[in-house]
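Note that these values count all heavy atoms, side chains included, but never hydrogens, waters or copies made by symmetry. Both ligands and their constituent atoms are indexed starting at 1 by order of listing.
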Amino acid sequence: MSNKYAIGIDYGTESGRAVLVELSTGEEIESHVTPYPHGVIDEVLPDSAVKLGLNWALQHPDDYMEVLRRSVPAVMKQSGISAEDVIGIGIDFTSCTMLPVDEQGTPLCFKESLKLNPHSWVKLWKHHAAQDEADLLNEIAARRGEPFMSRYGGKLSSEWMIAKIWQVLNEAPEIYRQTDLFFEATDWVVSQMTGNIVRNSCASGYKSIWHKNSGYPDRQFFSALDPRLDNLTATKLRGNIMPLGTKAGELTPEMAGVMGLKPGTAVAVGNVDAHAAVPAVGVVTPGKLVMAMGTSICHMVLGTEEKAVEGMCGVVEDGIIPGYYGYEAGQSAVGDIFAWYVDEAVPNYVHMLAGQEGIHVHEWLEKRASAYKPGESGLLALDWWNGNRSILVDTNLTGLILGCTLQTKPEEIYRALLEATAFGTRKIIDAFTQSGVEIQELYACGGLPQRNKLLMQIYADVTNREIKVAASKQTPAVGAAMFGAVAAGAERGGYATIQEASAKMARVLEQSYRPIAANVLIYEQLFQEYSRLHDYFGRGGNDVMKRLKTIKENMHTDVHHDSL
Ligand SMILES: Nc1ncnc2c1ncn2[C@@H]1O[C@H](COP(=O)(O)OP(=O)(O)O)[C@@H](O)[C@H]1O
Ligand SMILES: O=C(CO)[C@H](O)[C@H](O)COP(=O)(O)O
């Protein structure tokens, strides 16, 4: 029998990437990246003068289709393999990235009459404008003693589905009314490929308060939020929810033509980006924390029991690997903080020197920052540039750098920012282990681990744990391809289970990062200081960050009104 292949597509924040993977070894034959033509829409709606509010982040649904139109034919062409031998497709996506569609599955933002309404567009995972709804949801759920809250670390994020839907209802009831379904973007793209409406258990479990045994919370809960949401789950969230690895359907002839594949190719149910990465680094058992490190970090670990962990994003049975409870926590900005610093705050001379050396500013800063010992700069930062997802679950928190003097150098600030994100991860690890979810080893994947060695050493030192790094630079896409192979099934040359696929296809690099004892000691002291700042600013000791944000929002509203 000829070699068989699957295609995995990873839909990130800025781009979608397709990889073509050989199934017996996991070898990545070809890959192709399609940057989203409209990128992240956070200022003005496309082709319009409609300005977006603070904390908005939207996307264009056609950008996702563009990835299918460009990247899939590209990997097929580059590889020269026959479409007959591609037996499965899997996709993974940022989440909760959601959109409203009509009865035909058409995104409401495609309609002339609705396209100027921001609520008709895709709300990206990092859309943070539903915080009021999230706060109220948390208050009502706590008052009612809703049992599901313990599965979500005691608080639901404004990034998740119900807060986002509620914001649509509050601010654009006409869009809510015209919405037939609210979709996770991953499920919408699968529906476009197969013609079937199939939701995936992973996104539904983590982001939409769905539970394998008890389903969604009852109608009384939704009525208590808002009587207009009473029947939400039976109407606008309806649809079969299927476990990961299930075949959602087969590629339609039309989409097969567009993608250069065969009609009938198996398509797996959608998945969440970070979660797809777990089997792709070979993690299918408990005790191993996988960190998907990119724009943000998602932390995933498996367990055999359901435990309550402060501030986790969720624990979902079968949510990552069938047969286990999958735990997820996360930091809403990591690479994004470093990007902010490089783009917005690094002095011009650094850009010039990096240019003269022919290296990227990140590399220049990393090189200089590596010359410092832990603690040597006297700086400490709080990594809340995009709020705090875990463990405080509060998007109203903001960033902080402490200890600057007239001598402070850009590379010292860069190092302090790297360290701050490592302390954020350490907080998450401590929350898990203190609640009885074991973590012995760390695995890292995503765009950061192979780009920044200093960052990885700092993480090993701060967490005092060895870190293994994924061999692939496209780990979620490889994981998605594995689920595509499982959807195709063993009889067609794929795999019967994700565990089997992982055993054959997962790969990590030989070189790992081990903690350096001297650094561990200093970082332990710095972490104690970080924890003091964390609790002071994050747990009500001083709500200055929130007061500043309120003043800013009020000023923004005034300025906006003045300019009308
Ligand atoms: N050398 C570097 N050191 C630290 N961060 C980097 C470096 N190069 C790129 N980044 C950051 O990595 C992030 C992109 O990560 P990636 O995993 O590729 O994307 P995504 O999170 O969208 O999947 C960006 O936020 C960027 O600022
Ligand atoms: O919450 C998520 C997964 O559960 C998001 O998808 C994630 O935080 C965004 O991922 P990335 O940093 O890779 O763009």
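In this structure, CE in Met456 is found 4.5 Å from CD1 in Ile467, a value given to the nearest 0.5 Å. Distance CD/Glu133 to CD1/Ile165: 11.5 Å, rounded to 0.5 Å. Taking CD of Glu363 as the start and NZ of Lys453 as the end, the distance is 10.0 Å to the nearest 0.5 Å. Interatomic distance, CG of Asn396 versus CD of Gln131, reported as 5.0 Å (0.5 Å rounding). Atoms OG and CG, on Ser71 and Leu20 in that order, are 12.0 Å from each other to the nearest 0.5 Å. Rounded to the nearest 0.5 Å, atoms CE (Met193) and CG (Leu68) are 5.5 Å apart.
Backbone and side-chain nitrogen or oxygen atoms of Gly335 are examined, and one is located within less than 3.5 angstrom of a nitrogen or oxygen of ligand 1. Looking at ligand 2, you'll find an N or O of Ser95 within less than 3.5 Å of one of its N or O atoms. At a 3.5 angstrom cut-off on N or O pairs, Thr94 does not count as close to ligand 2. Taking only nitrogen or oxygen atoms, main chain and side chain alike, Lys207 reaches within less than 3.5 Å of ligand 2.
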Practice task
Check the pair Glu66, Arg69 against salt bridge (charged side-chain N to carboxylate O under 4.0 Å, His left out), reporting the backbone distance first and the verdict last.
Solution key: CA-CA 5 Å; Glu66 185 66 9; Arg69 291 192 291 262; 2.8 Å; yes
Exercise for the section: Could you walk me through whether Lys367 and Glu357 pass the salt bridge (charged side-chain N to carboxylate O under 4.0 Å, His left out) test, one step at a time? Expected result: CA-CA 12 Å; Lys367 209 162 85 179; Glu357 289 180 36; 2.9 Å; yes
Exercise for the section: Could you walk me through whether Glu306 and Arg151 pass the salt bridge (charged side-chain N to carboxylate O under 4.0 Å, His left out) test, one step at a time? Expected result: CA-CA 8 Å; Glu306 191 175 286; Arg151 299 201 310 269; 5.1 Å; no
Exercise for the section: Take Trp125 and Thr13 through the side chain to side chain contact (heavy atoms under 4.5 Å, CB included) test and state the conclusion after the steps. Expected result: CA-CA 9 Å; Trp125 65 275; Thr13 301; 3.0 Å; yes
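Partner Tyr530 forms a ring-ring contact (aromatic ring centres under 6.0 Å, His included) with one of Tyr523, Phe423, Trp384 and no other, that one being Phe423. In summary, of the residues considered (Leu99, Val122, Thr186, Ile91), a side chain to side chain contact (heavy atoms under 4.5 Å, CB included) with Tyr64 occurs for Val122 alone. Under the salt bridge (charged side-chain N to carboxylate O under 4.0 Å, His left out) test applied with Arg415, the options Glu411, Glu419, Glu412 reduce to a single match, Glu419. Checked options Ser208, Ser204, Ser95; the residue passing with Glu184 is Ser95 (criterion: side-chain hydrogen bond (donor to acceptor under 3.5 Å, both in side chains)). The ring-ring contact (aromatic ring centres under 6.0 Å, His included) test with Phe93 is passed by exactly one of Phe183, Trp188, Tyr11: Tyr11.
Scanning the protein heavy atoms around atom 15 (O) of ligand 1, the nearest turns out to be Gly294 CA, 3.5 Å. In terms of protein heavy-atom proximity, atom 9 (C) of ligand 1 is nearest to Arg451 NH1, 3.4 Å. Here the protein heavy atom with the shortest distance to atom 13 (O) of ligand 2 is Asp273 OD2, 3.4 Å. Looking only at heavy atoms of the protein, atom 17 (O) of ligand 1 is closest to Gly447 N, 2.8 Å. Shortest contact from atom 4 (O) of ligand 2 to any protein heavy atom: Glu328 OE2, 2.5 Å. Looking only at heavy atoms of the protein, atom 14 (O) of ligand 2 is closest to Thr13 OG1, 2.6 Å. Remark: minimum distance from atom 11 (P) of ligand 2 to any protein heavy atom is reached at Ser296 OG, 3.7 Å. Scanning all protein heavy atoms for the shortest distance to atom 1 (N) of ligand 1 gives His362 CB, 3.3 Å. Nearest protein neighbour of atom 22 (O) of ligand 1, counting heavy atoms only, is Thr295 OG1, 3.0 Å. Protein heavy atom at the shortest distance from atom 23 (O) of ligand 1 is Arg17 NH2, 3.0 Å.
With Leu448, Asp336, Asp10, Val40 as candidates, the residue nearest to atom 10 (N) of ligand 1 on a non-hydrogen basis is Leu448. Of the candidates Tyr11, Trp125, Phe93, the one placing a heavy atom closest to atom 9 (C) of ligand 2 is Trp125.
Under a 4.0 Å criterion applied to the non-hydrogen atoms of Thr295, ligand 2 contributes the atoms 12 (O), 14 (O). If you number the atoms of ligand 1 from 1 as listed, the ones under 4.0 Å from a heavy atom of Thr13 come out as 22 (O). Heavy-atom proximity to Phe338, at under 4.0 Å, picks out these atoms of ligand 1: 4 (C), 5 (N). Atom numbering of ligand 1 starts at 1 in the shown order; those under 4.0 Å from a heavy atom of Asn452 are 3 (N), 4 (C). Each of the following atoms of ligand 2 lies closer than 4.0 Å to a heavy atom of Val272: 3 (C), 4 (O). Close contacts between ligand 2 and Arg389 involve ligand atoms 1 (O), 2 (C), 8 (O) [criterion: under 4.0 Å to a heavy atom]. For ligand 1 and Ala339, the ligand atoms under 4.0 Å from any heavy atom of the residue are 27 (O).
Close placement of the His275 and Tyr206 rings is indicated, their centers lying within 6.0 Å of each other.
Residue contact check for ligand 1: Tyr11 places no non-hydrogen atom closer than 4.0 Å to it. The shell of residues lying under 4.0 angstrom from ligand 2, judged by heavy atoms, includes Cys298. In this structure, Lys473 falls outside the shell of residues with a heavy atom less than 4.0 angstrom from ligand 1.
The part of Tyr414 lying near ligand 1 is the side chain, judged by heavy-atom distances below 4.0 Å.
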